[in-house]
Every structure is written in C-alpha cells, then in structure tokens.
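Reviewing the structure listed below.
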Amino acid sequence: QVQLVESGGGLVQDGGSLRLSCAVSGLPDRRTAMGWFRQAPGNERHFVAATDWSGLTTDYADSVKGRFTLFRDNADNILFLDMINLKPEDTAVYYCAATTGLEARTRATEYTYWGQGTQVTVSS
C-alpha cells in the first residue's frame, strides 16, 4: 500500500520560512517522479514544484521560483520543500504527490498517489 505522509506545515509570519516533508512508503517502483501542489479554499489544486525520479531535475511554478527549493532523499524516501520569504498568498493546504515515471510532471492529473495534505498559513 502506497502512503505519502506530509508534515511541517504551520503558521508563520510574512517573510518567514518552513520546511515541508513527505515520507513515502510502499511505492511499487523506485523510478518515481514526485511533486508538491497546493490548494487554497475555493480554488483548484495548483502546481508548486516537481522533481524527476533522480532528484537531479526540478521544475517550479513562477510564483515560487527563487523562494522554494524542492529536493528528495531517495535513500530514505523523503521529499522536502524548503520555503523562504513566505507571503500571505502562499497560504494553502500543501499536498505531496507521486507517480511512476522518470520525468518531472507539473499537472495534478498526471499523479497517481497523494498525501493527505498539510496546512501552511502565512499571516500578514
């Protein structure tokens, strides 16, 4: 059974930092692309960042470039998202996602497995 468990969300002030983690288990194939998405109340789920199976290739939404850094620890099967200079518009539930495949993917529909989400709230 595939499980993705996010952690690290919380309440921070404008300009603050957080590190999100996603612990992954039960994947049928280690060649798995992974990503982060976020969803604010009343909005659709939006792409944040993605990495290919190796972690060597990453892609970011324009709104987070230069502020968010995604990296993965394949030895321990953990995906991280470092977030700095957080803004109130970053407030959302953040979801970790995974899918079998080599390349980074930016569309939510391309992912098979999802975590339960972790809330990030940035106060102004």
| query | For D14 and K87, which heavy atoms make the closest approach, and how far apart are they? | reply |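 So the minimum-distance heavy-atom pair works out to OD1-CA, 3.8 Å.
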| task | Determine the minimum heavy-atom distance between C96 and L79, stating which atoms define it. | result |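 Closest approach of C96 to L79: SG-CD2, 4.0 Å.
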| Within 45° of the six-membered ring axis of W114 and under 6.0 Å from that ring's centre, is NZ or CZ of R45 located there? |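 Geometry flag: set, cation within 6.0 Å and 45°.
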Any chance you could measure [X], atom [atom1], to [Y], atom [atom2], to the nearest 0.5 Å?
X: N77; Y: C22; atom1: CG; atom2: SG; result: 10.0 Å
X: R38; Y: M83; atom1: CZ; atom2: CE; result: 9.0 Å
X: R72; Y: L70; atom1: CZ; atom2: CG; result: 8.5 Å
X: Y94; Y: L20; atom1: OH; atom2: CG; result: 7.5 Å

For residues 97-108, tabulate all N or O donor-acceptor pairs below 3.5 Å that involve a side-chain atom, not counting sequence neighbours.
unit_1, atom_1, unit_2, atom_2, d
T99, OG1, E110, O, 3.2
T99, OG1, T112, OG1, 3.2

Given side chains that start at C-beta, do those of [X] and [Y] come closer than 4.5 Å, heavy atoms only?
X: L86; Y: T91; result: no
X: V120; Y: L18; result: yes
X: V93; Y: T118; result: no
X: T69; Y: L81; result: no

| query | Should the pair F80 and F71 be assigned to parallel (<30°), tilted (30 to 60°) or perpendicular (>60°) ring geometry? | reply |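 Because their plane-to-plane angle is under 30°, the rings of F80 and F71 count as parallel.
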| task | Ignoring hydrogens and angles, tell me if any N or O in the side chain of D73 forms a donor-acceptor pair with the backbone of A75 under 3.5 Å. | result |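 Checked: pair present.
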| task | Kindly say whether G117 contributes a backbone atom to a donor-acceptor pair with the side chain of E6 at under 3.5 angstrom? | result |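 A pair under 3.5 Å: yes.
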| query | Among N85, D90, D82, which one satisfies side-chain hydrogen bond (donor to acceptor under 3.5 Å, both in side chains) with R67? | reply |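 The option that passes is D90.
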| field | E89, CD: over 12 other non-hydrogen atoms inside 6.0 angstrom | value |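 It does: E89 CD has more than 12 such atoms within range.
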| said: Using the rule that Ile, Leu, Val, Met, Phe, Trp and Tyr join whenever any side-chain heavy atoms are under 4.5 Å apart, tell me whether F68 and M34 fall into a single cluster. | reply: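 Shared cluster, yes.
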| Are W36 and Y111 connected, step by step, through hydrophobic side chains (Ile, Leu, Val, Met, Phe, Trp, Tyr) whose heavy atoms are closer than 4.5 Å? |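 In one cluster: no.
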Atom pairs and distances, side-chain donor-acceptor, residues 25-33, under 3.5 Å, sequence neighbours left out:
unit_1, atom_1, unit_2, atom_2, d
D29, OD1, R31, N, 2.8
D29, OD1, R31, NE, 3.1
D29, OD2, R31, NE, 3.4
D29, OD2, R31, NH2, 3.0
R30, NH2, N74, O, 2.8
T32, OG1, D29, O, 2.4

| field | Connected-component partners of L56 among ILVMFWY, side-chain separation under 4.5 Å | value |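 Joined to L56, directly or through intermediates: none.
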| said: Looking at D62 and K65, is there a salt bridge between them, counting it only when a charged N and a carboxylate O are closer than 4.0 Å? | reply: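 A salt bridge links K65 with D62.
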| task | Run the ring-centre check on F47 versus Y60 and record whether the distance is less than 6.0 Å. | result |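 Not close enough - the centres of the two rings lie 6.0 Å or further apart.
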